K.L.:
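Here's a structure for you.
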Amino acid sequence: MIRKGKLLVVDDEASLRLLLSNELTRAGYAVDVASGGDEALARVQEDFYHVVLLDIVMPLTDGITVLRTLKSENIMSEIIILTGNATLESAIECMKLGAFEYVRKPYSISELIIQIERAMEHQRAQLDRKMLREDMKRRSGYGGKLIGKSKEIKDLREIITRVAPTQSNVLILGESGTGKELVARSIYEQSQSSDKQFVAVNCASFPENLLESELFGHEKGAFTDAKSQKRGLAEIADGGTLFLDEIGEMPMSFQPKLLRFLETGEIRRVGGTKDISLNVRILCATNRPLEQLVEQKLFRDDLYYRLNVLSIVVPPLRDHIEDIPALVENVIATQGFQNTFDHESLDVLKNYDWPGNIRELKNVVERTCILCPGREITASDVLFIKAKGKGEKRDVPVYEEKQNWALSDMERNHIVGVLKFVNGHKGNAAKLLQINAKTLYRKIKEYNIVTLYE
């Protein structure tokens with residue numbers, strides 16, 4: 001059973017520690033105890049606690065000193081102050097220092113559990129906001145959901161529905177831009193831990209020497225810049241889902257540590273000496289052929305087999321082009337554009353290979369809507385992708401001995417050809433040439449083309 005949360009009870013009264021430990025354990029929490037402030041500080045440096053129940057009046061190191069130290073070192077545990085010696089001044093001081101709540105003795109266990117749940121909900125909200133900020137930077141923006149009615153997308157949804165309720169690791173395969181993270185999020189949203197954290201980590205975005213610290217965290221002083229203890233992203237995902245994107249880019253040196261985590265469910269922070277048990281579901285994605293990487297000794301075979309319990313292949317866009325109109329509408333809606341695409345422009349989009357898949361489609365739609373604000377998009381507005389269209393052969397210039405090799409003449413001829421192609425429409429010509437209108441007008445004047453299309 002997934003525990004409700006991990007608590008630390010800090011009090012110098014042995015009988016109260018035992019009582020709280022027994023009652024809160026019975027209520028479903030994992031509970032550790034500390035008899036004083038120094039022991040409490042040592043424990044939070046070694047392990048993560050969702051909530052610390054902290055007495056104020058203790059010998060040697062009192063509760064306020066512990067609270068001040070926890071906050072100064074950015075320990076993310078929520079603090080509930082428990083004391084029978086309450087004064088208005090001490091309560092105000094604790095709240096100013098960042099305590100979540102101040103509870104006076106005597107109190108009932110049910111009352112305390114209510115405060116613990118409130119503290120944990122507050123902590124989850126704080127983490128949600130943090131992850132949302134990161135998520136907004138990371139999200140591709142083309143809808144946040146699987147769009148389409150094709151057989152390929154229907155089959156994909158069906159596989160997700162079957163896989164999601166399990167706790168098995170899932171390996172998501174597909175070309176770049178197909179929406180592998182959207183598949184991971186769909187699995188998470190239909191899973192039993194959908195009310196917990198979804199944490200995405202791009203394995204290719206961290207240097208080799210930082211990946212372990214980001215994923216598993218580090219202790220204070222573990223290396224030069226480790227000025228305080230830091231929880232890793234795996235800890236933040238505890239109880240929820242950890243999505244490892246671009247797993248094929250993971251350095252070989254870190255792969256044995258990830259394998260151990262998958263096998264034992266335990267991590268150890270950089271510079272730490274204690275194993276931390278986590279309950280995390282692992283989803284991975286890659287656009288690289290892992291089997292080939294295994295053969296080339298660039299990816300561990302035991303890690304590959306551990307990850308590949310269940311695999312899902314996300315189809316490339318060229319295999320479900322009938323979904324393009326719905327995808328285009330979705331991009332327009334999510335980005336707030338006022339444009340529409342006519343049938344001919346959609347046909348142009350359908351006749352393109354889309355090597356960048358849905359991500360490239362989104363970029364093309366956004367670019368076209370920005371250049372043609374608030375009006376219907378026609379085929380001429382998207383012809384800049386036609387030259388790379390599906391099944392079309394790209395022309396290679398033929399160079400002959402007797403010809404003008406001057407670059408300016410070649411540029412002039414190219415501009416003239418494009419202007420003829422768009423029937424003299426300089427705006428469309430500028431789009432196809434991928435230059436702004438001012439530059440095109442300057443070149444028309446420079447090359448004396450102005451008399452042809454005035």
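This structure is a prediction, so every number in the text was calculated from the model and none was measured. Hydrogens, waters and symmetry mates are skipped; everything else that's a heavy atom, side chains included, is used.
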K.L.:
Are there more than 12 heavy atoms of other residues, nucleotides or ligands under 6.0 Å from atom CD of Glu291?
P.N.:
no
K.L.:
Please determine whether a side-chain nitrogen of the Lys or Arg among Glu322 and Lys350 lies less than 4.0 Å from a carboxylate oxygen of the Asp or Glu.
P.N.:
no
K.L.:
Taking the side chain from Thr161 and the backbone from Arg157, do they hold a donor-acceptor pair closer than 3.5 Å?
P.N.:
yes
K.L.:
Taking side chain to side chain donor-acceptor pair (under 3.5 Å) as the criterion, tell me which of His218, Lys257, Arg268, Arg269 meets it with Glu212.
P.N.:
Lys257
K.L.:
Look at the side chain of Ser213 and the backbone N and O of Leu210, then say whether any donor-acceptor pair between them is shorter than 3.5 Å.
P.N.:
no
K.L.:
Show the nearest heavy-atom pair for residues Phe198 and Ala184, with the distance to one decimal.
P.N.:
CE1-O, 3.9 Å
K.L.:
Under the criterion side-chain contact (heavy atoms from CB on, under 4.5 Å), I'd like the reasoning laid out for Ile116 against Met120: C-alpha separation, chi angles, the key distance, then a yes or no.
P.N.:
CA-CA 6 Å; Ile116 291 171; Met120 291 180 63; 4.1 Å; yes
K.L.:
What I want to find out is whether Arg43 reaches Glu39 closely enough, with some N-O distance under 4.0 Å, to be called a salt bridge.
P.N.:
yes
K.L.:
Please check this pair: side chain of Asn169 against backbone of Asn308, looking for a donor-acceptor N/O pair closer than 3.5 Å.
P.N.:
no
K.L.:
Between Asp381 and Thr368, is any side-chain donor less than 3.5 angstrom from a side-chain acceptor?
P.N.:
no
K.L.:
Identify whether the distance between the nearest side-chain nitrogen and carboxylate oxygen of Arg118 and Glu121 falls below 4.0 Å.
P.N.:
no
K.L.:
Check whether any side-chain heavy atom of Arg281 sits under 4.5 Å from a side-chain heavy atom of Thr166, and report yes or no.
P.N.:
yes
K.L.:
Quick check: does any side chain N or O of Asp353 sit under 3.5 Å from a backbone N or O of Pro355, one acting as donor and the other as acceptor?
P.N.:
no
K.L.:
Taking all non-hydrogen atoms of both residues, which atom of Leu440 and which atom of Ala430 are closest, and how far apart?
P.N.:
CD2-N, 3.8 Å
K.L.:
For Tyr188 and Ser193, which heavy atoms make the closest approach, and how far apart are they?
P.N.:
CE1-O, 3.5 Å
K.L.:
Dump the intermediate steps for salt bridge (charged side-chain N to carboxylate O under 4.0 Å, His left out) on Lys362 and Glu366, then the final yes or no.
P.N.:
CA-CA 6 Å; Lys362 169 187 175 291; Glu366 285 190 9; 2.6 Å; yes
K.L.:
Taking the side chain as every heavy atom from C-beta outward, state whether Tyr447 and Val416 have any atom pair closer than 4.5 Å.
P.N.:
no
K.L.:
Using a strict threshold of under 4.0 Å (side-chain N to carboxylate O), is an ion pair present between Glu446 and Arg442?
P.N.:
yes
K.L.:
Less than 4.5 Å apart, side chain to side chain, heavy atoms only: is that true for Phe243 and Ile187?
P.N.:
no
K.L.:
Any idea which heavy atoms bring Arg306 and Val309 closest together, and the distance?
P.N.:
O-CG2, 3.3 Å
K.L.:
Checking side chain to side chain contact (heavy atoms under 4.5 Å, CB included) against Phe216, which of Ile267, Leu233, Leu211 comes through?
P.N.:
Ile267
K.L.:
Answer yes or no: is there an ion pair linking Arg231 with Asp238, defined by an N-O contact shorter than 4.0 Å?
P.N.:
no
K.L.:
Measure from the side-chain N and O atoms of Asn339 to the backbone N and O of Arg375, and report whether any donor-acceptor pair falls under 3.5 Å.
P.N.:
yes
K.L.:
Any ion pair linking Asp155 and Lys151 (charged N to carboxylate O, less than 4.0 Å)?
P.N.:
yes
K.L.:
Grab the two heavy atoms, one from Leu156 and one from Val313, that are nearest each other, plus how far apart they are.
P.N.:
CD1-O, 4.2 Å
K.L.:
Apply side-chain contact (heavy atoms from CB on, under 4.5 Å) to the pair Leu20 and Leu7, showing each step before the final yes or no.
P.N.:
CA-CA 10 Å; Leu20 284 179; Leu7 313 179; over 6 Å; no
K.L.:
For Ala204, is there any backbone N or O sitting under 3.5 Å from a side-chain donor or acceptor partner on Asn202?
P.N.:
yes
K.L.:
Is the number of heavy atoms from other residues, nucleotides or ligands under 6.0 Å of Arg162 CZ greater than 12?
P.N.:
no
K.L.:
Does Arg300 offer a backbone N or O that forms a donor-acceptor pair with the side chain of Gln255 under 3.5 Å?
P.N.:
yes
K.L.:
Between Lys196 and Gly239, which heavy-atom pair has the shortest distance, and what is it?
P.N.:
CG-O, 3.3 Å
K.L.:
Of the options Arg318, Arg288, Lys180, which is the one that meets Glu175 in a salt bridge (Lys or Arg N to Asp or Glu O under 4.0 Å)?
P.N.:
Arg318
K.L.:
For Gln338, I'd like to know if atom CD has over 12 heavy atoms of other residues, nucleotides or ligands within 6.0 Å.
P.N.:
no
